[in-house]
Amino acid sequence: MEQQQPLDDLFAQRLAKLQALRDRGIDPYAPERFDRTHLATEILAQFDALSESGETVAVCGRIVSLRVMGKASFLHLEDVSGRVQVYLKLDAIGAEQFALLEYIDIGDFLGVTGTVFRTRTGEITVQAARFEILAKALRPLPIGKQKGDEQWYGLQDVEQRYRQRYLDLVVNPWSRATLLKRIQVTREIRRFLEDRGFLEVETPVLQPLAGGAAARPFITFHNALDTHLHLRISLELYLKRLVVGNLEKVFEMSKVFRNEGISPRHNPEYTLLEVYQAYTDLDGIMELTEQLVYHVVCAVAGGPTFTYAGHQIDVTPPWPRVPMMARLEECAGVTRADFATLESAREAGRRLGLPMEEEHSIGGIIDKIFEKACEPGLIQPTFVVDHPLELSPLAKKKPGDPWLTRRFEAFLGAQEVANAFSELNDPLDQRERFEAQQAMARAGDQEAHPYDEDFLRALEHGMPPTGGLGIGVDRLAALITDVPSLRDVILFPQLRPEK
RNA sequence: GCGCCCGUAGCUCAGCUGGCAGAGCAGCGGACUCUUAAUCCGUUUGUCGAAGGUUCGAAUCCUUCCGGGCGCACCA
């Protein structure tokens with residue numbers, strides 16, 4: 001802000017233009033509103049009627065191209081809908097306005113009033129009767145030039161695209177389209193759930209204990225309370241408290257925070273959807289999940305199929321259900337007997353060429369083997385069901401087989417997009433699970449679930465049978481939009497701070 | 001955290017077996033009243049990511065650091 005470094009030439013030139021405008025009594029930052037009659041694409045769509053009636057239209061937007069000639073000029077204005085060409089002719093706008101063109105640049109905002117016509121070369125164009133500078137840009141817009149589908153120059157630098165996303169949005173239509181689709185994904189999720197009577201709720205981001213998932217939290221400090229607080233890593237435990245409170249059908253779609261590495265598949269803060277429905281079970285949640293994803297894909301992709309990484313993926317329900325252990329035997333040749341003891345489990349992992357030195361839990365080994373051996377093949381939507389108890393401290397045990405739980409993970413494009421279970425509502429069992437997690441924590445597992453006495457108290461007041469669902473919204477959006485990195489569907493992905 | 005790759009003008013990029021830092025676009029000046037990658041004439045622009053080293057001489061070679069991308073690890 002207070003930097004006294006000499007401004008570079010481009011900036012100085014534009015400051016001079018700003019001053020020149022002000023010297024003529026025009027302050028580009030003075031206008032507060034411009035009442036447009038049509039968006040750019042509306043001009044194009046309604047051309048016949050507009051040109052026939054000869055009515056006056058008013059359009060506004062950012063200048064994205066500018067071709068100045070001696071006594072006539074063309075430019076393109078871009079607004080939220082698209083682009084429309086504007087024709088400025090000396091005879092039509094007068095010498096005084098025409099002279100102002102000298103102080104206008106690509107990137108400035110302009111409001112134009114005029115009539116609609118078609119140029120000799122066929123482009124629908126607004127011929128200006130007058131124009132108004134609505135705001136000036138002091139820095140250059142790194143916009144490419146465009147002819148048909150081809151694009152020259154533009155903004156390629158990945159870091160700049162993420163740090164200065166506003167430039168990416170102005171300059172790269174494909175990036176804007178992707179991000180708008182991501183916004184559409186969250187909107188359609190809300191619409192789907194609200195239409196089915198789910199209440200959208202907000203629960204604490206700052207929590208005394210961060211539970212509901214296996215992950216390392218961010219820890220912050222509250223001065224007045226003189227206490228450390230954790231940024232939430234999931235939404236689960238507070239939403240279940242609301243089910244205890246008879247809200248029955250709730251969801252939250254909001255940020256959670258995990259203190260882990262950053263990669264194309266991981267952002268430290270990401271958008272998680274969690275849904276809880278009382279009086280339904282895992283199978284009810286499977287149907288809900290299928291219908292939800294089907295609805296979102298149809299709305300965003302225009303039909304039940306989309307392409308991801310070269311695969312055509314069809315999300316039309318129903319999706320196949322496969323038990324986790326059966327799948328493991330199929331693609332890794334391991335059975336439950338291999339997981340009888342920690343040592344035999346490690347041995348099974350080593351047979352498959354996986355490093356096992358760090359592994360200290362059977363569940364962790366099962367998870368790792370599944371991830372390496374089975375996930376790559378799960379391209380079409382698939383429910384993997386019946387996860388081992390050790391991996392699932394918040395899920396009900398499977399009746400008749402307490403080694404397993406009533407849980408599923410939904411895979412799509414070889415990625416886990418949903419995780420759900422019949423929620424454990426037995427407070428005594430839940431207490432035992434927390435104790436087991438505590439033992440794992442003592443054994444060195446930094447991501448073991450914390451012992452949450454307050455949550456147990458809520459369960460002890462009684463929670464109805466409930467099905468719960470979690471969906472990583474960013475990953476779902478990345479799949480539907482066929483982008484390789486989460487950063488492409490997050491407006492401002494996390495980067496190391498500059499300097 | 002580890003490994004590999006990248007960083008040159010406002011933008012997109014050449015230059016990299018060491019020898020005067022370049023092109024197109026943007027900008028600036030001029031011509032041009034239907035252009036559209038406007039065209040034509042002229043022209044400016046650099047801490048070559050930073051610091052140090054080798055060398056008569058470094059954008060180029062070496063070291064360290066900063067920032068980014070990808071892979072691995074952790075995870076969703």
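Below, chains carry the letters A, B, ... as their sequence lines are ordered, and counting in each starts from 1.
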Practice problem: Counting heavy atoms from C-beta on, name the nucleotide in B/rC74, B/rU12, B/rC34 closest to the side chain of A/M69. | Solution: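 For the A/M69 side chain, the nearest candidate turns out to be B/rC34.
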Exercise. From the options B/rU33, B/rC34, B/rU12, select the nucleotide whose nearest atom is closest to the side chain of A/D91.
Key: B/rU33
Rounding to an integer number of Å, can you tell me how far [X] [atom1] sits from [N] [atom2]?
X      : N      : atom1 : atom2 : result
A/R67  : B/rA38 : CZ    : P     : 5 Å
A/L90  : B/rA31 : CG    : P     : 14 Å
A/L77  : B/rU35 : CG    : P     : 19 Å
A/R161 : B/rC11 : CZ    : C1'   : 15 Å
A/F117 : B/rU33 : CZ    : P     : 16 Å
A/L88  : B/rU33 : CG    : P     : 15 Å
A/R216 : B/rG1  : CZ    : C1'   : 11 Å
A/N259 : B/rG1  : CG    : C1'   : 14 Å

Exercise. If a pair satisfies ring pair (Phe, Tyr, Trp, His ring centres under 6.0 Å) and one of its residues is in residues 74-98 of chain A, list it, with sequence neighbours excluded.
Key: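 Checked against ring pair (Phe, Tyr, Trp, His ring centres under 6.0 Å) - neighbours excluded - the pairs reaching residues 74-98 of chain A are A/F74-A/Y87, A/Y87-A/F117.
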Mind checking the [atom1] distance from [N] to [M]? Whole angstroms is fine.
N      : M      : atom1 : answer
B/rA59 : B/rG15 : C1'   : 8 Å
B/rG10 : B/rC28 : C1'   : 14 Å
B/rU64 : B/rC5  : P     : 14 Å

Practice problem: List the protein contact pattern of nucleotides 68-73 of chain B with one symbol per nucleotide (5' to 3'): B for base contact, S for sugar-phosphate-only contact, - for none; contact means a heavy-atom distance under 4.0 Å. | Solution: SSSS-S
Across the strands shown, which category fits [X] at heavy-atom distances under 4.0 angstrom: base, sugar-phosphate, nothing?
X     : answer
A/A92 : nothing
A/V68 : base
A/S65 : nothing

Partner set under ring-ring contact (aromatic ring centres under 6.0 Å, His included) for [X], not counting sequence neighbours:
X      : value
A/F198 : none
A/H449 : A/F434
A/F383 : A/W319, A/F408
A/F492 : none

Which pairs, with at least one residue in [range] and sequence neighbours excluded, count as a salt bridge (Lys or Arg N to Asp or Glu O under 4.0 Å)?
range                       : result
residues 477-492 of chain A : A/R161-A/D488
residues 261-276 of chain A : A/K255-A/E269
residues 101-117 of chain A : A/R14-A/D105, A/K17-A/D105, A/D105-A/K136, A/D108-A/K136

Quiz prompt | A/P142 vs A/L167 side-chain heavy atoms within contact, under 4.5 Å | solution =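 Yes, their side chains come closer than 4.5 Å.
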With a cut-off of 3.5 Å and sequence neighbours excluded, list every side-chain donor-acceptor pair involving residues 348-356 of chain A.
from, atom 1, to, atom 2, distance (Å)
A/R350, NH1, A/E347, OE1, 3.4

Using a cutoff of under 3.5 Å, can you pull out all pairs of nitrogen or oxygen atoms linking the protein to nucleotides 25-27 of chain B, with atom names and distances?
from, atom 1, to, atom 2, distance (Å)
B/rC25, O3', A/K145, NZ, 3.1
B/rA26, OP1, A/K145, NZ, 2.8
B/rG27, O2', A/Q13, OE1, 2.1
B/rG27, O2', A/Q13, NE2, 3.4

Write down the partner of [N] under the Watson-Crick or G-U wobble criteria, each distance required to be under 3.5 Å.
N      : result
B/rA38 : none
B/rU17 : none
B/rC70 : B/rG3

Quiz item: Hey, can you pull the residues of residues 404-415 of chain A with a non-hydrogen atom under 4.0 angstrom from RNA chain B?
Solution: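 None - not one residue of the stretch has a heavy atom sitting under 4.0 Å from the strand.
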Quiz item: Taking A/T382 for the side chain and A/Q380 for the main chain, is one N or O donor matched with an acceptor at less than 3.5 Å?
Solution: yes
Exercise. Report yes or no: is the cationic atom of A/R118 (NZ for Lys, CZ for Arg) under 6.0 Å from the centre of the six-membered ring of A/F47, at an angle within 45° of the ring normal?
Key: yes
